[in-house]
Amino acid sequence: MDDLGNLAERLARNSYLVDEAQPHIQVDQEAVRRTGAGPLLVRICPAHVYSQGVDGRIEVAWAGCLECGTCLAVAPEGTLTWHYPRGGFGVGYRYG
Ligand code: SF4
């Protein structure tokens with residue numbers, strides 16, 4: 001199996017308890033548009049949480065977030081609001 005296959009298999013072993021009431025990542029669409037950060041967010045996330053529509057809007061599939069913090073570290077200031085999920089919610093690492 002190739003490396004990507006192994007990665008997908010390992011990610012599938014994680015568990016996620018999604019806090020539907022409080023998304024832990026929010027995007028300021030105007031700031032993303034102004035800074036051109038969309039492609040960076042799409043490219044940098046190992047869990048493919050971000051996608052960009054043809055209209056340039058960034059969609060956030062935050063339920064699959066690995067809480068690695070990479071997007072927060074590289075995103076231009078003001079583009080993201082990010083915090084850890086409330087206690088008991090979020091990713092649980094298994095065997096990967
Ligand atoms: S914290 Fe990591 S996994 Fe979560 S959205 Fe940011 S880059 Fe992706």
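Only this structure's heavy atoms are used, side chains among them; waters, hydrogens and symmetry mates stay out. In this chain, numbering begins with 1 at the start of the sequence shown.
- Pairing each heavy atom of Val32 with each of Gly38, the nearest pair is CG1-N, 3.6 Å.
- Taking each heavy atom of Pro23 and His83 in turn, the nearest pair found is O-NE2, 3.8 Å.
- Using a 4.5 Å heavy-atom threshold, the side chains of Leu80 and Val27 count as touching.
- Without hydrogens or angle criteria, Tyr16 side chain to Cys65 main chain gives no donor-acceptor distance under 3.5 Å.
- The hydrophobic clustering, which links ILVMFWY residues whose side-chain heavy atoms are closer than 4.5 Å, places Val18 and Tyr50 together.
- Closest heavy-atom contact between Ala47 and Gly64: CB-O, 3.5 Å.
- Taking every heavy atom of both residues into account, Leu17 and Gly88 meet most closely at CD2-O, 3.0 Å.
- Judged purely by atom type and a 3.5 angstrom limit, Glu67 uses its side chain to pair as donor or acceptor with the backbone of Val91.
- Within 6.0 Å of atom CD in Glu77, 12 or fewer heavy atoms from other residues, nucleotides or ligands are found, so the atom counts as exposed in its surroundings.
- For the atom pair OG1 (Thr79) and CG (Leu41), the distance works out to 6.0 Å, reported to the nearest 0.5 Å.
- Taking CD from Gln26 and CD1 from Ile58, the interatomic distance works out to 15.0 Å, rounded to the nearest 0.5 Å.
- In this structure, Gln22 contributes its side chain and Pro85 its backbone to no donor-acceptor pair below 3.5 Å.
- Hydrophobic cluster membership is shared by Val49 and Val42, with clusters built from Ile, Leu, Val, Met, Phe, Trp and Tyr side chains linked at under 4.5 angstrom.
- Of the inter-residue distances, the one linking Phe89 atom CZ with Asp19 atom CG reads 4.0 Å to the nearest 0.5 angstrom.
- The distance from atom SG of Cys71 to atom CD1 of Ile44, rounded to the nearest 0.5 Å, is 9.0 Å.
- Tyr84 pairs by the ring pair (Phe, Tyr, Trp, His ring centres under 6.0 Å) definition with Trp82, not counting sequence neighbours.
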